[in-house]
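Structure, as structure tokens:
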Amino acid sequence: GAGVSQSPSNKVTEKGKDVELRCDPISGHTALYWYRQRLGQGLEFLIYFQGNSAPDKSGLPSDRFSAERTGESVSTLTIQRTQQEDSAVYLCASSLVIPTDTQYFGPGTRLTVL
Amino acid sequence: AQSVSQHNHHVILSEAASLELGCNYSYGGTVNLFWYVQYPGQHLQLLLKYFSGDPLVKGIKGFEAEFIKSKFSFNLRKPSVQWSDTAEYFCAVNILTGGGNKLTFGTGTQLKVEL
């Protein structure tokens with residue numbers, strides 16, 4: 001079956017603009033995660049959705065970052081008033097049932113803020 | 001806060017050499033442990049995982065890892081590497097008690113295998 005998909009694959013924006021990144025999880029996966037990978041660093045957790053429960057937003061670096069998920073489908077990560085330090089690869093992952101299921105990752109969105 | 005350390009940032013090996021990549025984590029409770037791999041131009045893929053049971057875990061492509069609880073380690077090994085193993089390898093930990101379901105990743109090890 002299809003894996004996790006993300007769009008766009010690349011996004012270049014100017015400082016101060018808002019961006020929206022999209023993630024389509026694997027069908028049937030109830031859990032969805034966003035991570036960020038800055039150049040030369042490991043992946044950094046941002047936010048996690050599980051079914052209808054309140055999302056775990058503990059990794060969001062500032063209030064400029066927000067994410068939504070409709071049911072158990074698509075999620076969008078929004079970054080408002082982008083800054084140069086937001087430049088990174090943003091990765092989405094999904095899994096079946098917490099806490100022991102493997103997370104499957106999408107190809108990522110490379111965000112460059114000029 | 002929990003952390004994951006990968007001490008080797010860049011490793012260069014010749015084909016057929018043995019590989020061991022270190023991974024240590026800083027949490028004393030129950031954890032799930034993972035190694036993910038990212039081949040050039042591809043996205044992250046699961047290499048192997050440890051949830052419970054036998055601490056020696058075998059994954060795809062001849063990789064294995066050993067969970068040593070007393071050392072908080074989950075080192076990745078392969079007895080004989082191939083050129084196609086050139087990739088970036090990430091160790092990750094999922095803390096099961098009070099940690100939610102987020103993975104904490106190490107900074108990655110870039111492996112280059114030379115012919």
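In what follows, every heavy atom counts, from backbone to side chain, and hydrogens, waters and symmetry copies are set aside. A, B, ... follow the sequence lines: proteins, then strands. Residue 1 opens every chain.
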Worksheet item: Considering only heavy atoms from C-beta outward, does the side chain of A/Q37 approach that of B/F105 to under 4.5 Å?
Response: no

Practice prompt. Could you tell me whether the side chain of B/L44 reaches within less than 4.5 Å of the side chain of A/L43, counting heavy atoms only?
Written response: yes

Discussion item. Quick check on A/L46 against chain B: is it the side chain, the backbone, both or neither that has a heavy atom closer than 4.5 Å?
Written reply: neither

Worksheet item: Given the rule that I, L, V, M, F, W and Y join up when any side-chain heavy atoms are under 4.5 Å apart, are A/L21 and A/L60 in one cluster?
Response: yes

Fill in: Part of B/L46 lying under 4.5 Å from any heavy atom of chain A
side chain

Fill in: Contact class of B/Q38 relative to chain A, heavy atoms under 4.5 angstrom
side chain

Item to complete: State whether the number of non-hydrogen atoms from other residues, nucleotides or ligands found under 6.0 Å of A/E68 atom CD is greater than 12.
Response: no

Practice prompt. Step through the shown structure and confirm whether more than 12 heavy atoms of other residues, nucleotides or ligands are within 6.0 Å of CD on A/E14.
Written response: no

Discussion item. A quick test of your reading: do over 12 heavy atoms of other residues, nucleotides or ligands sit less than 6.0 Å from CD1 of B/I60?
Written reply: yes

Discussion item. For A/F105 versus B/H43, what's the shortest heavy-atom pair and its separation?
Written reply: O-ND1, 3.2 Å

Discussion item. If I take atom OG1 from residue B/T107 and atom CD from residue A/E44, how far apart are they, to the nearest 0.5 angstrom?
Written reply: 13.0 Å

Fill in: Main-chain N/O of B/L103 paired with A/Y35 side-chain donor or acceptor, under 3.5 Å
yes

Discussion item. Out of A/G106, A/G108, A/A93, return the one with the most heavy atom pairs under 4.5 angstrom to chain B.
Written reply: A/G106

Item to complete: Flag yes if B/F74 and B/L19 sit in one hydrophobic cluster, no otherwise; membership is Ile, Leu, Val, Met, Phe, Trp, Tyr, and two members link when side-chain heavy atoms are under 4.5 Å apart.
Response: yes

Worksheet item: Can you list every disulfide bond (SG atoms under 2.5 Å apart) pair that touches residues 38-75 of chain B, not counting sequence neighbours?
Response: none

Worksheet item: Counting heavy atoms not belonging to A/N52, are there more than 12 under 6.0 Å from its CG?
Response: no

